[in-house]
Structures are given as C-alpha cells and as structure tokens.
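Working notes, structure below.
Every chain is numbered from 1 and lettered A, B, ... according to where its sequence line falls, protein lines coming before strand lines.
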Amino acid sequence: MSCPASPWPALVVVMPLSAAFLCFVLGQRWRGTPLLISLLATALCCVGSLEILRELAASGPISYRLGGWRPPWGIEYRIDGLNAFMLLLISSVGMLATLYSARNVPLEVPGGVPHYYALHLLLIAGLLGMSITGDVFNLYVFLEISSLAAYALIASAGGRGLRASFNYIVMGTVAACFYLLGVGYLYAVTGSLNMADLAGLLPPLRHSPVVVIALAFLLTGLAIKVALVPLHAWLPDAYAYAPSSASVLIASLMGKVGLYAMMRLLFSVFPALLGSLPVLPLLCGLGGCAVIVGSVLALAQMDFKRMLACSSISQVGYIVLGVGLANDRALTGALLHVLNHAVMKGALFMAAGAIIQMTGQRDVRRFGRLHHRMPLTATVVLLGALSMIGIPPTCGFFSKWYLLLGSLEAGSWASAGVILLSSLLNAIYFFRVIERSLMAGGEPGGRSEAPLSMLLPMAVLGAAILLLGIFNQAIVAALLAPALRLAPWR
Amino acid sequence: MEMRPLLAILVSLGAAVLILLTGERHRNLRELWSIGAAVAKFALVLSLLGPVLRGETVECTVLRLYPGLDLCLRVDRLGLLFALTASLLWVLTSVYSIGYMRSLGYGEQTRYYACFALAMSSTLGIAFAANLLTFYLFYELLSVSTYPLVAHLQSPEAIRAGRKYLAYTLGSGTVLLGAIALTQRLAGTLDFRAGGFLQGSAPPEVLRALLLAYMIGCGTKAAIMPLHSWLPSAMVAPTPVSALLHAVAVVKAGVFGCLRVLGFVFGPQLLRQLGATVPLGIACGATILVASAFALAADNLKRRLAFSTISQLSYIVLGAVILSPDALRGAVLHLPFHAFMKITLFFCAGAIYAETHRENVSQLDGIGRRMPLTMGAFAIGSFGMVGIPPVCGYLSKWFLCLGAAEGSLPSLCIYLSSALLNAAYFLPIVYAAFFREGGQETREASALMVGPLLVAAAGTLALGIFPNALGVMELAGGIVREVLP
C-alpha cells in the first residue's frame, strides 16, 4: 500500500468537475469553448488513468486520502486492478464520446450547448468518482452526481426524452434511496463507511439481520441502476430517446459502473456473507432471465436505438451471470464483457446517431442501401452486430467463450444453454439490421457519410471490436488478471 | 515458423480489402485482384504438397486466443487435400464468375467478389485449422461471408433464402460452439489428433450427446437430412455461388468437419465403443436415398443438382462411418472427385442459363447440338456421378463399395442403388440434349464461362486416369493410415 504524492487519483475526479463549471461559464460567452474544454478534460483524464495504471503496476494498490484525513472518517480513494481498469475504460470512452458529440450536439440540443457539455463532464466525473472511491457513502454521492447529470442529459433531447427522463428519475431516485438506506444500516451497525474497514468489521456480524438487509438494499439499489431484470423497465426509453452523444455515454458506461459497484461490494466488502446467503445463485438466476428477456424485448423493436437499448438489458444479464457463477473463468468473462460491451454498444450507438443525423431514419426497416450512402458507418454497424452475436474473432465472442466455460465449470447447464440460446436470438434481430443495411434496396442517393468528428471515434471503436477480440489474451493478462487478484473470496 | 499456411489465408483477405477499395469503377482491376489472389493461393497450397507428402509437419501458431488454445494452423494430409481442391477450383470459379456476372449484368458485383474472397479465406482456415477453436472461428466466418452471396439478387425469394441459410448455419454453429466448449471442459484440449482424443474423458451417454451435437453442428453444412433444407433454397443464388457452395466451400467444409470430428476428435475406436456407427449410418443412408428421390422429381436443373449434392455428400460421411480402410479411402477421395464433377455440372447449368435463360430440365431438349462443348462437359460430369470410367467418380465409388462390402452390407446396397438413381436422373438429360429435337438457335456461352467448364471436365477425366495427380491418392492413403491404423 503506498501513499504517493502523485495527485492523479484526485485530479481524475476534480478535473472533469471543474471543467464542467468552466464549460458552463465560458460557454455562455464564447462558442466552441465547451467542446474544447471537454476534449481537454477527458484527454487529461485518460492521461491520469494511464498514470494511475503505471503506478499500480509499479508499486501495487494505491491509497489516496482526500485532504490527508485518515480513514475511516476521511474519504479514501482506493485503487487496485479492478478500478484502474474501470478508470481507463471510462476516460477513453468518454473522450471518444466527446469527440463524437462535436457535430451532433449543436444539432440535437440547439441553444443548450454549454449546458450539455457541463452535464456531460459531470456525468463523466460522477462515473470516475464512483469507480475510484473506497468509501460507500462517497460512492452514493458520485452515484447521484452521475444520475442527476444523466437525467438532465436525457431530458435535453426534448420530446420523448422528457417522459423517458421522468421515468428514469423516479426509478433512479428509488434506487438511490435503497442504496442510501443500505449505507445507513451499515453505518449504524459498524460505525464505518470505508470499504476496507467494513471488510474487516463485517465477518463477525455476518448473521446479523441488519447487515443482511443492508446488503439486500445496496444490491437492490444497484440492480435498479444497472436495469437488472425485473427492474429494467426504465431503460429502453431512456437510452433510445436521449440525444445521440448522451446515449453513447450512458449506454456504454453507466451500467458498467453500476456493475463495478456491485462487484466491489460483493467481493471486497461483503465476501463473508457470500457463503451463508444465496446471493450468488440469485444473481445467476436473475442474470439468466435478463439475458433472455432482453433478447426477446429487442426482437420486437423496430426503432434502432430502442433495439440496442433492449439488447443492453440482455448484455447486463451476461455480466451479472458471470458474477453469479463466481469462478475464475466466469469472472474473467464478466469483466471482459464489461470492456467489450462498452466498446460494442458505444460503436453501435455512435453509428445509430450518425444514421439518424444523416438520413433521419430511426426505423431499421428503412435502412436500405446504407452501404452505399454511408459505407464506413455501415461497416461499423456490421462489426458491432457480428460482435453482439458472438462471431469470432470479434471481441463479443471471447467474453461469451469465457462465460460458457465458466458455466460448464460451475456445472450449470442452464447458464450454458441460456448463453447459447441468446446468441441465436441476438442473431435474429441483428441480422435483420444487417440484411436491411447491406442487402436491401432503398432510396437512391449519393454518399452522405457522417462527418469526420463522428467517423473517427466510430472507426476507433470499430477497430477496437476486432483488435480486442484478436488480442484478448493481452487484455486478460495485462488488465483483468490483476483485477481478479483482489479476490478475497477464493 | 512456416508462414505459408497463414499467407494462403491472408492473400484472399487482402484481396477482399483491395476489391472493396477498387469498386465498380475499375472493374477489370477489381477482377484482377480476385484472379491474382486465387492463383497465388493455389500456388502457396501447392508448394505445401511436397513437405506434407514427405511427412513433415507444417505448422504455424498465429496467436494465443485463450490459455492453452492458440489460433494454430497445421497442414496435414486431410487439410491439404481439402485446401488443394478448394484453391484450384477457386481459380476456375473466379474466371467463370466474371463471365457469368457480366453476361447477366448483375449488380453489386463488388460486394460479390469481396465476399467470395472472404469465403475462400475462411475455407482455407477451416482446412488448416489445428484445433477446434480455430476451426470454429473460420467456420462461422464462412457462414457470415457466404450469406451476402446467397441473398445476392436481393429479390424476395433471395432474401428468404438468405434468412433460411442464416437460420440453419448460425443455429448449427451455436450447437457446435456448445459442443466445443464441452469438449474443452471434458478433455482440456481441442487439438485435432488422428485417432481421436476423447477416449475416457466422460461417461458414454455424455459422449453420445456430444457426438450428436457435433453432427448437428457440422452436419448442417454437410446437408445431412433433416438439416438439408437450406441447400435447395440457396439455389436462388447466382450459379457461381451455387458452384462454390456445392463443390468447394460450404458443403465440403461441413463434410470436412464431420471427417475431423469422426477421425480426429472421437476416433474409430471410441465410435465403435459408443455404438454410434449404426445411427449415423442410418441417417446418411436415408439421406442418400431420399435426396436421390427428390432429385428425380425436380425439374429445375439447379434444384436437381442440389439434391444430387445432398446425396453425394452423405456418400462421404457414410464412407467414414463404416470405419473400414477402403471405405475411408473412398470417402476421402470423393471429396475432391465430387467437387470437380459437381462444379462441372453447375458451370454447365449456369452457362445454359446465361445464354438461353432456361432453367428446367424439360427445356433442355436438343440443346446439346447448339452448345456441344457445354453439354459435352455435362455428359462427362454425369458419367462421373454415375460411376462410369474413366471419369474420376468411378474410383471413389469403387473404394466406397469395396469398403462397404467389407464393413457393412446395407451400405453396399445403398451405394449401388444410389448409382442407379444417379443414372436415372442424369443420363436422360444428356440423352435429351443430344438426341432430341428442340430449342431455338443459340450458341455457346462466353469463353470466360466455357473455358473453366471445359477445364473442370478435363480435370475430372485427368483425375480418373491419373488419380495421383496433385498427390491425391497418396494423400488419401496417408489419411487412412493415420486414422485407421
């Protein structure tokens, strides 16, 4: 454990927070500054995450005390392999989403550009904070920051976005209340809010009903946040009717950070309870249901963004299933899927936004001749779709492979069956898109490819879909194996 | 490390990219990429013949996909046999495609040639795969890259056929994935080994279920009934695609997969222990006979050829299931022999359609007089299918029957009756074409189509007279020795 003088752990959160403020203030006067400030801030966050990773590799887990106050009363940022990985994921996808938003935001949120970027940065700050903190109440604070930013971002689209945002506010606030109650109970029983401290204080209390209720409430709150079946109803509208750049950010990252929080609580704070309570089998079951329910819902969707949103419900199910199976391979699969899904869904939502912007089409049935009108975007859609179905060598295949082997190792034929069945269901609705965009006739028209600021991040994520698949072992060895070493449950 | 197997796969991958970049505006350059890649691929594969016949192991580990599992290419005799067939026939098909597509003025040719190139990369990947995961990777890529070819015409019928094709191939691919994951769990390895590696890794019920899953996974592409239905529907594709699907890539990949599973994952000993040979034999035998019956009833020429293919593919799988050396030799030989014969027949069908727009057998009266070269080649191909020397078909059938006589008399009856049925649905076409009156004035199709068709027919004759051309007999002998010692 090192207490470095390096300020990066704090900066990674402080920079986007202050940049949000600057965006809002300066953006009123000088147009163009919000975008620049956002790009700069997210780029610096990437640099910061890389620095943190480097330090982690050099000297082991990092502990940063805000203001120098000692835990358990002071807030501690605790970085090990798992959240370093999350920080890097959030900053890089955040940066790509910021670049993507350059031409998209002025069109979808006219007149509200400075506000948009302020919220965008607040969301990123909230997500980064949730990932880096080692304090359960601090996690709540960042959870609320990111949630409030998300509500506002979704509502900024106007129209259906307002209704979607309202539903999301109601569910999200209920979730936050559950979480806060859980934290309250924990504090009442242990007197501590620090995760590492709690891990030490909880084992003797593991049969206490208060602690069990605390765990249940915390998990319920997070389950609503990640839209785990049966608490998923808010998600399709929220993802589909947000502005496109917000969809990219929210769909790729928000669910993942909630899942990270679940993993952190289960494996770093509450491992003592996992033996005596059927938490993991319950997660397995819910994850499996989510996989099927999400796919079935997506089958019925003709709006491209809504289809992608319902598909996300299914993908969250995979990750929860992997967490529930809790063996090496399944957890590797779950973490790999966190990365892979962020990349795949990010790419697909970017493509969806580009298609809507350039052709005005949201309905999958009207995507004809996309490969002539927008060849690069159509390629990204193809890659994303193949990856979601699980065709090797795209990245989606490899996380499924790990999850499949993990299910077999745990002896769960049902989980294996669910994973295989869902691949087929995914194939149905994604090939509908591929068929329409590559094979169908449609309006004749020349090239109307998306602008470079949208193409570039799409291309990066599209390439990542292939590269992360082909070189998945490098990722597993470098990022995930250290992440899994935190496991005290073994 | 030997790079040639990897290069052979990458050369058409590169061609696909070049084709997409070149586009419709520079058609001749685009076609050059296809032909150039095909020739380069064949040259690379041919250069591997010498080392493999000498018994050297040509292996190429590309990268690690999972702990203990690499993307690994190994050129053994069976893989090389398949690769030689596929790459040589692609050269012919590329030239033929140009003639056919331009003659009929089809659109979206860039997509067509690019997907063709990708499909050929996947086919060689399947041929050279050293383990089941590598095999699966290229198998799924083959499914995905051939879909746009099946649905190429974009008519409602083509789109429906494409959906059916995807349903069957992706569905069976999923079952195959489950089987592979279970194999990894049970045996801890996925490397192909002559004679199998699954002995003793699980109780017999589990292994039987696993075998069923594999046969569903690979047997769908090999069109074993009742998983065959995608194949006649896929005839809506342009004829070079049907020639590719039915002679070279998809169906032979399915059969190749079955051979790998039977000989290199389970192995003859385990198959006998599990008592699997009888049920598999029944499925294959039924396919042979029922498909021949459908072929008899089909008036559309391509549909007749499709059912003939379904029947002939089960010849190969049945030969492997009989588990006698001669039957296996016949089965392995039938892989290239049937490929050459079928591609000849399909090329002829396509040439006739391109020139006269006639699709049905009933419309072919007298056409032999107008298109003597085309129908001559068709006649040669038909004789081969029936088993009349010196066209190569007689040789594989000879070995299959010999092996059946040793191992399984019912199979012998099936082979012989099927030969009669073949005669019943092919020879009348030849007779009607040459000896009946009919048909308007027409001439031979373009040289770009007639050339490859004649070369393919000549190939069937050459293989029948010199069966060790391209080392085919030697390779077959080696395979039999490896699997059935």
Side-chain angles (χ1 to χ4, degrees), chain A residues 328-329 332-333 336 368-369 371-372 375-376 378-379 382-383 385-386 389-394 397-398 400-411 413 416-417 419-428 430-432 434-436 438-442 469-474 476-477 481, chain B residues 20-21 23-24 62-71 107-108 110-111 115 125 133-145 147-156 158-160 162-163 165-167 169-186 213:
Chain A
D328 247 345
R329 283 180 192 64
T332 310
L336 199 55
R369 288 189 89 243
H371 63 299
H372 283 298
L376 290 168
T379 312
L382 179 65
L383 278 173
L386 290 179
I389 297 170
I391 306 280
T394 58
F397 169 74
F398 291 101
K400 282 196 187 168
W401 173 251
Y402 270 99
L403 285 171
L404 204 51
L405 286 180
S407 326
L408 289 176
E409 192 175 314
W413 296 98
I419 294 173
L420 289 174
L421 179 61
S422 71
S423 293
L424 281 178
L425 292 173
N426 285 354
I428 298 177
F430 274 109
F431 259 101
R432 198 188 308 170
I434 295 178
E435 184 191 279
R436 286 276 119 196
L438 286 187
M439 302 300 302
I470 297 173
F471 297 110
N472 73 86
Q473 284 303 299
V476 171
Chain B
L20 284 172
L21 291 174
E24 183 65 29
V62 181
L63 53 84
R64 175 137 294 199
L65 291 177
Y66 176 79
L69 279 177
D70 299 327
L71 180 68
E108 298 280 2
T110 304
R111 183 181 71 199
C115 288
L133 192 60
T134 311
F135 177 86
Y136 179 77
L137 194 152
F138 288 110
Y139 205 70
E140 290 294 88
L141 276 179
L142 183 63
S143 302
V144 166
S145 55
Y147 162 72
L149 294 172
V150 171
H152 180 86
L153 292 176
Q154 292 174 195
S155 64
I159 301 274
R160 266 200 310 272
R163 283 190 199 154
Y165 181 70
L166 277 178
T169 49
L170 288 182
S172 58
T174 307
V175 175
L176 186 60
L177 179 61
I180 294 177
L182 188 56
T183 310
Q184 165 72 7
R185 175 97 191 103
L186 291 175

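- Counting heavy-atom pairs closer than 4.5 Å to chain B, the top residue among I391(A), I434(A), I428(A) is I391(A).
- When heavy atoms are compared at a cutoff of 4.5 Å, L408(A) approaches chain B by way of both its backbone and its side chain.
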Test log, rule side chain to side chain contact (heavy atoms under 4.5 Å, CB included), inputs D70(B) and V62(B): CA-CA 7 Å; D70(B) 299 327; V62(B) 181; over 6 Å; no
Candidate pair L170(B) and F431(A), rule side chain to side chain contact (heavy atoms under 4.5 Å, CB included), full reasoning: CA-CA 11 Å; L170(B) 288 182; F431(A) 259 101; 3.5 Å; yes
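- Contacts of L386(A) with chain B are made by side-chain atoms alone, with heavy-atom separations under 4.5 Å and no backbone atom involved.
- Contacts between L153(B) and chain A at a heavy-atom distance below 4.5 Å are absent for every atom of the residue.
- If you tally non-hydrogen atom pairs under 4.5 Å between each of V144(B), I180(B), L141(B), L166(B) and chain A, the highest count goes to L166(B).
- Each of L137(B), L65(B), L71(B) was compared with P393(A) under the side-chain contact (heavy atoms from CB on, under 4.5 Å) criterion, and only L137(B) meets it.
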Derivation of the side chain to side chain contact (heavy atoms under 4.5 Å, CB included) call for R111(B) and E24(B): CA-CA 10 Å; R111(B) 183 181 71 199; E24(B) 183 65 29; over 6 Å; no
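- For L63(B), the part lying near chain A is the side chain, with the backbone staying farther off; criterion is any non-hydrogen pair under 4.5 Å.
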Criterion side chain to side chain contact (heavy atoms under 4.5 Å, CB included) on W413(A) and L182(B), from CA distance to verdict: CA-CA 10 Å; W413(A) 296 98; L182(B) 188 56; 3.7 Å; yes
ring-ring contact (aromatic ring centres under 6.0 Å, His included) between F397(A) and Y136(B), intermediate numbers included: CA-CA 11 Å; F397(A) 169 74; Y136(B) 179 77; 5.6 Å; yes
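- For chain B, the nearby part of R329(A) is the side chain; its heavy atoms alone come within less than 4.5 Å.
- Interface remark: of the candidates V175(B), L133(B), L20(B), L133(B) forms the most heavy-atom pairs closer than 4.5 Å to chain A.
- The shortest side-chain heavy-atom distance between Q184(B) and L69(B) falls under the 4.5 Å cut-off.
- In terms of heavy-atom pairs under 4.5 angstrom with chain B, the leader among Y402(A), F398(A), F471(A), W401(A) is W401(A).
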